[in-house]
Q: 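Below is a structure I'd like to ask you about.
Each ligand, and each atom within it, is numbered from 1 in the order the structure gives.
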Amino acid sequence: MKSAFLTLFLLFFLVLSFYTSAQVAYQKMPVEKLEAAYEKYKEPAITHRRFKHADLQPLIQKHGADFNLEELGKSVEGRSITSMKWGQGSTKVMLWSQMHGNESTATMALFDLFNFLEGKNDGYDELRNLLKNQLSLKFIPMINPDGADAFKRRNALDIDLNRDAISQISPEAVILKKARDDFEPEFGFNLHDQQIYYNVVNTPKQATISLLAPAYNYETEINDVRGRAMQTIAGMNELLQELIPGQVGKYDDAFEPRAFGDNIQKWGTSTILIESGGYQGDPEKQYIRKINFMIILNALHQIATRGYEQYTTEQYFAIPDNGFQLMDLIINEMQVKVKGEWYPLDIAIRRRETENAAGYFMSASVEDLGDMQIFFGFETLDATGLQYLEGKVYSTAFESVKDISEEKAIELLRQGFMAVKVKNGEARQVHSLPILVLKSTEKYSSGWMTGSATNFFLAKEGKPRYAIVNGYLIDLENLKNHEIRNRVF
Ligand SMILES: [Zn+2]
């Protein structure tokens, strides 16, 4: 009798433990399954990262049947800011993107995700129903539409919205804070892009994705709210290491009392920052968009099943820190002459994107020089034995940019000409020639000191061997194709 009672007792616990484990059953989603979902559901209307507010409106509207759309308010310049709600679960998750207007990678992934959430009879219904029954999702895909239209970081008041969480000067900041306060999400995703020059610290690997559970105080303490964000990130990182091994960084967690991520964490929402960086050969960030789709879907799955509880804050801290050590071009041991003496310098060059009504172009300059051994170049040149040489301006003007062939440009470079003139052409016209084109000026800027525009030759006995044209390295003996984005001066 006693043993029968014991058996029953044990059976009871067996059933109870089985039931409990079924409640929290979390199985990692296979990479292939996430990848296939992206390929099936990526939004074909978005093909590059410079889409505008107007481009998104029909895409938002097409989801009106499955999502609850709400206009939350308007930007400084009167553009609508819309939220999209989906799901009827008890765990609330809010995802907001493009608070910085030129940080659009995750926005693209959100539209891919909307298509996915709307699908059916495709092998993903189990996952979709799980998300729908466990989660209530609120998306705000474009917080800063004025910045997005100008493809710049700040809003139309020139305020950085990520420094306006407390002062609430900008209508966009008021909208975001109110959305959080009204919804009171348990989890939040703060979606950004970081500069392509971020790396995994002290490695040449680009930080394609950086993650952060923002601090909620200067002491960077960990409470349950922040701890959950860290655990979720640890799970996201596990997936990322399969996709982009060694290319994930942990963003700096210094507390910024004016930032949204930090404050939303403080207000009780477990907040996860995703920063999309660069990936070689992906200037339009379409591969990084796919990675965003996969890690966001994976994270939602983790939250829906509480699968993040399998991970620890130690695993979060084990993610290596971000560095800022990448350069477009590093030239080592270039000889420069100062007061009759030659000095060997390493110079580090970045080509930064500049926005233009006609598109965008690069503006290269010297970031730093001297001993550059702690930096890593996307391209590196050993210039031992080569000397800095200024170029000349070709005296005969061409009619227009299209009258200059690439062959002609290379021929002129070999003769020591760094720039040509044109009679006609639009101001700031973007072109892809490997030579400077002048329209409204007779001169161009050049130098090797920090901040200088990088337009010069590396020469041997006065003969150009390499041209550095707006920071692009042109090997005059072994021509290679560059994706050049120059502009007319
Ligand atoms: Zn940002």
Side-chain angles (χ1 to χ4, degrees), residues 49-53 56 75-76 81 94-110 139-173 175-177 179-180 188-199 206-215 229 233 236 248-265 269 271-279 282-285 288-289 291-292 295-296 321-324 326 350 352-355 360:
R49 65 198 155 92
R50 284 164 188 270
F51 52 85
K52 309 285 186 203
H53 175 261
L56 296 187
S75 66
V76 173
I81 296 170
M94 190 165 110
L95 305 92
W96 59 98
S97 186
Q98 229 170 328
M99 160 194 312
H100 294 136
N102 57 357
E103 300 177 7
S104 62
T105 306
T107 307
M108 298 190 275
L110 292 184
F139 299 93
I140 311 175
M142 189 184 264
I143 288 284
N144 179 7
D146 300 346
D149 272 33
F151 211 68
K152 63 172 191 175
R153 178 181 178 87
R154 293 168 179 243
N155 73 354
L157 299 173
D158 203 33
I159 284 178
D160 181 342
L161 291 177
N162 211 22
R163 301 291 177 265
D164 203 16
I166 300 301
S167 276
Q168 297 273 289
I169 300 162
S170 309
E172 299 90 346
I175 287 166
L176 179 56
K177 179 168 192 303
R180 198 226 71 98
F189 287 81
N190 187 16
L191 304 170
H192 290 252
D193 283 62
Q194 64 187 358
Q195 291 188 52
I196 61 168
Y197 304 113
Y198 280 99
N199 63 327
Q206 208 164 10
T208 299
I209 296 288
S210 294
L211 299 164
L212 174 71
I233 287 172
M236 293 164 76
V248 184
K250 178 157 73 334
Y251 208 83
D252 176 24
D253 76 344
F255 178 62
E256 167 51 73
R258 305 169 296 170
F260 266 101
D262 306 49
N263 281 292
I264 290 179
Q265 192 91 273
T269 296
T271 303
I272 291 159
L273 170 75
I274 301 178
E275 293 274 359
S276 293
Y279 188 79
D282 187 23
E284 287 307 319
K285 298 196 162 190
I288 310 174
R289 161 189 184 172
I291 292 174
N292 266 267
I295 57 172
I296 292 171
D321 288 333
N322 258 14
F324 194 61
L326 299 182
R350 283 179 178 150
R352 292 180 185 275
E353 260 180 52
T354 309
E355 194 64 15
Y360 71 97

Q: Please step through side-chain hydrogen bond (donor to acceptor under 3.5 Å, both in side chains) for the pair Thr271 and Asn190, ending with a clear verdict.
A: CA-CA 7 Å; Thr271 303; Asn190 187 16; over 6 Å; no

Q: Can you tell me which N/O/S atom of His192 has the shortest distance to the Zn ion (ligand 1)?
A: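 Looking only at N, O and S atoms of His192, the one nearest the Zn ion (ligand 1) is named ND1.
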
Q: Would you please name every residue forming a ring pair (Phe, Tyr, Trp, His ring centres under 6.0 Å) with His53, sequence neighbours left out?
A: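 If we apply the ring pair (Phe, Tyr, Trp, His ring centres under 6.0 Å) test to His53, skipping adjacent residues, there are no hits.
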
Q: Could you identify the N, O or S atom of Glu103 positioned closest to the Zn ion (ligand 1)?
A: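 So the atom name we want here is OE1.
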
Q: Are side-chain heavy atoms of Gln194 and Asn322 found at a separation under 4.5 Å?
A: yes

Q: Test of understanding: with ring pair (Phe, Tyr, Trp, His ring centres under 6.0 Å), list the residues that count as partners of Phe189, not counting sequence neighbours.
A: none

Q: For the Zn ion (ligand 1), what is the closest N, O or S atom on His100?
A: ND1

